[in-house]
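The basis for the numbers below is simple: all heavy atoms, side chains too, and nothing from hydrogens, waters or symmetry mates. Note that ligands are numbered from 1 as they come in the structure, with each ligand's atoms numbered from 1 the same way.
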Amino acid sequence: MNILILGGGGREHALAWAIRQNPKCDRLFVAPGNAGMESVARLVDLDILSGPDVIAFCEENAIDLAVIGPEAPLAAGVADDLRAAGFLVFGPSKAAAMLEASKSFTKAVCDACGAPTAAWARFDAAGPARDYIRDKGAPIVVKADGLAAGKGVTVAMTEAEALAAVDEAFGGAFGAAGAEVVIEEFMEGEEASFFVLCDGTDCLPIGTAQDHKRVGEGDTGPNTGGMGAYSPAPVLTQAIQDDVMARIVRPTVAEMARRGTPFQGVLYAGLMIRDGQARLVEYNVRFGDPECQVLMMRLGAQALDLILACAEGRLAETAVTWADDHALTVVLAAKGYPGAYEKGTEIGGLDALPRDSSQMVFHAGTALKDGALVATGGRVLAATGRGATLAEAHARAYALADAIDWPGGFYRRDIGWRAL
Ligand code: AMP
Ligand code: GLY
């Protein structure tokens with residue numbers, strides 16, 4: 001079959017790498033992709049937020065399956081457009097993507113289906129939001145309601161910080177995304193990510209992971225898109241996973257179906273675990289990046305079979321073949337990230353590195369310029385290892401990262417510290 005992947009980050013490179021390994025995959029395209037994917041797919045210059053443009057490409061190239069990586073095309077309704085045109089799609093409708101695109105929507109769904117999450121309130125003006133914060137006190141969490149590229153959340157340890165976050169959101173710092181604000185109870189505990197394929201009716205867990213959101217070692221400094229991840233996450237024991245399926249994921253999927261907006265795609269539940277109990281922090285309606293890199297490393301070629309079963313509504317009859325393995329990925333970012341950073345710095349040493357089913361450098365933001373590989377983004381590479389133990393995966397990932405010659409970049413040395 002011919003497959004089109006939308007997106008151009010490390011997540012999409014990992015998806016393309018896994019999908020390419022499956023003999024069912026004939027031609028593979030990625031739009032826009034990046035320099036790292038050229039060995040596994042054909043890169044396409046396409047406006048991935050435009051349904052008509054994506055449909056035209058699918059028609060011209062006899063695409064059998066479209067896999068949508070990032071949230072932006074989902075929130076823009078590209079999956080709906082493709083389905084209406086008769087294409088098989090992996091990714092939720094615009095209405096179901098609200099589970100990521102609106103925090104108050106998700107909170108209302110949780111309340112309707114009884115899924116445990118932080119107590120919350122929603123505001124569309126600063127005055128009442130400020131009163132609420134003064135009443136509840138700190139710590140407290142302030143969130144822009146809409147998509148704010150991961151920057152809309154303030155975990156405020158003091159009342160002053162929370163009040164400043166409210167002023168920032170209503171002052172227009174997040175554009176329309178901040179026109180409404182959700183204020184939440186602060187949840188203590190250990191965070192982990194749980195990935196579940198949903199076909200509208202049935203659900204299939206496909207793995208757990210733990211991200212490292214802070215830029216600095218020891219989880220210090222500003223938040224980022226994620227500086228490294230590993231899978232599985234030992235904190236998500238089988239008992240907790242079963243409980244999350246029963247009390248959070250299945251009720252959510254049933255509630256979405258009941259509303260006439262069934263969820264189809266990967267539901268990424270961000271969970272807070274404390275004393276063996278999980279509560280929902282948030283949903284995302286796509287794979288995490290860099291969590292996808294470790295999931296794909298572990299699933300390998302079967303990722304396509306699972307994605308296909310999800311898109312075709314066959315999850316009830318589908319199972320994951322689990323290997324008793326571990327994967328870990330280390331993100332290499334441009335110096336300065338998540339603040340201002342230089343673009344176009346040259347990266348060397350990649351060609352000499354091994355690449356196989358237990359070690360792979362996924363590209364997140366690279367391009368070829370005059371024959372040289374250069375960095376084009378904040379997060380640029382994801383050095384990923386797989387092994388029988390987490391320590392082995394860790395050693396492989398760091399051996400790759402250490403061998404990359406990129407003076408313009410940096411990476412955390414402590415990815416995996418919680419589990420190691
Ligand atoms: P989100 O964009 O909703 O994932 O929030 C970003 C990060 O803020 C999460 O990954 C958590 O680390 C933190 N966070 C969000 N909501 C809460 C909460 N209610 N209590 C504690 N931490 C939170
Ligand atoms: N790594 C976190 C995310 O993709 O949202």
Side-chain angles (χ1 to χ4, degrees), residues 7 9-12 14-15 69-72 74-75 97 99-107 110 115-122 133 136 138-157 161-162 165 169 174 177-178 181-195 207-215 219-231 233 266-274 278-296 329-331 333 338 362 364 378-379 382 412 415 418:
R11 166 181 49 209
E12 288 77 21
L15 285 166
E71 61 274 26
L74 295 167
L99 282 175
E100 175 164 357
S102 167
K103 310 232 182 246
S104 59
F105 175 87
T106 298
K107 286 297 203 176
C110 286
T117 178
W120 67 290
R122 173 183 152 268
I133 289 167
K136 295 286 177 191
I140 195 161
V141 182
V142 179
K143 301 182 172 184
D145 185 72
L147 290 176
K151 295 182 178 67
V153 175
T154 302
V155 179
M157 288 300 150
E161 265 178 275
F174 311 114
V181 162
V182 167
I183 303 183
E184 278 184 18
E185 166 201 357
F186 171 75
M187 293 189 285
E188 248 175 296
E190 187 170 342
E191 264 187 281
S193 309
F194 188 35
F195 296 85
T208 62
Q210 227 162 1
D211 191 8
H212 298 63
K213 292 196 182 188
R214 303 298 189 105
V215 74
D219 293 336
T220 54
N223 260 320
T224 70
M227 294 300 293
Y230 56 91
S231 172
V266 59
L267 193 60
Y268 157 0
L271 303 168
M272 191 69 82
I273 293 104
R274 194 188 183 190
R279 288 203 281 169
L280 184 76
V281 177
E282 60 159 359
Y283 281 126
N284 293 303
V285 300
R286 48 162 178 90
F287 283 109
D289 187 338
E291 294 93 324
C292 188
Q293 287 84 314
V294 285
L295 293 176
M296 291 306 128
T329 190
V330 180
V331 170
F362 295 113
R379 292 186 298 163
R412 277 179 63 166
I415 301 304
R418 273 178 201 281

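With a 4.5 Å cut-off on side-chain heavy atoms, Arg286 and Cys292 do not count as touching.
For ligand 2, one of its N or O atoms has an N or O atom of Glu291 under 3.5 Å away. Between Met187 and ligand 1, an N or O atom pair is found at a separation short of 3.5 Å.
Interface atoms of ligand 1 facing Glu185, defined by a heavy-atom separation under 4.0 Å, are 18 (C), 19 (N), 20 (N). Those atoms of ligand 2 that come under 4.0 Å of a heavy atom in Asp211, given as number and element, are 1 (N), 2 (C). Of all atoms in ligand 2, numbered sequentially from 1 with element shown, those under 4.0 Å from a heavy atom of Gly288 are 4 (O). Those atoms of ligand 1 with a heavy atom of Lys143 less than 4.0 angstrom away are 3 (O), 15 (C), 16 (N). Less than 4.0 angstrom separates some heavy atom of Gly225 from each of these atoms of ligand 2: 1 (N), 2 (C). Numbered from 1 in the order shown, with element, the atoms of ligand 1 that lie under 4.0 Å from a heavy atom of Lys213 read 4 (O), 10 (O).
Side-chain contact of Gln210 with Tyr230: a donor-acceptor pair under 3.5 Å is present, judged by distance alone.
Ala278 and Ile273 make their closest contact through CB-CG1, 4.0 Å (heavy atoms, listed as atom of the first residue, atom of the second, distance). For Leu74 against Val285, the heavy-atom pair with the smallest separation is CD1-O, 3.6 Å.
Contacts between Glu282 and ligand 1 below 4.0 angstrom, taking non-hydrogen atoms only, involve the side chain exclusively. At a heavy-atom cutoff of 4.0 Å, ligand 2 is contacted by no atom of Met227, backbone or side chain. Here Lys103 has side-chain heavy atoms under 4.0 Å from ligand 1, and that is the only part of it that gets that close. Contacts of Lys213 with ligand 2, taken as heavy-atom pairs under 4.0 Å, are absent altogether.
Comparing heavy-atom distances from atom 18 (C) of ligand 1 across Asp211, Val141, Val281 singles out Val141 as nearest.
When atom types are taken as modelled, the side chain of Arg214 and the backbone of Gly221 share a donor-acceptor pair closer than 3.5 angstrom.
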Discussion item. Side chain to side chain contact (heavy atoms under 4.5 Å, CB included), that's the test. Do Arg379 and Asp289 meet it? Break it down for me.
Written reply: CA-CA 10 Å; Arg379 292 186 298 163; Asp289 187 338; 4.1 Å; yes
Fill in: Derivation and outcome, side chain to side chain contact (heavy atoms under 4.5 Å, CB included), residues Leu271 and Leu280
CA-CA 5 Å; Leu271 303 168; Leu280 184 76; 4.2 Å; yes
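Ion pairing of Lys107 with Glu184 is present here, as a side-chain N (NZ or NE/NH1/NH2) and a carboxylate O approach within less than 4.0 Å.
Here CH2 of Trp120 is found 11.5 Å from NZ of Lys143. Values are rounded to the nearest 0.5 Å.
When hydrogens are left out, the protein atom nearest atom 5 (O) of ligand 2 is Arg286 NH2, 2.9 Å; that is the closest non-hydrogen contact.
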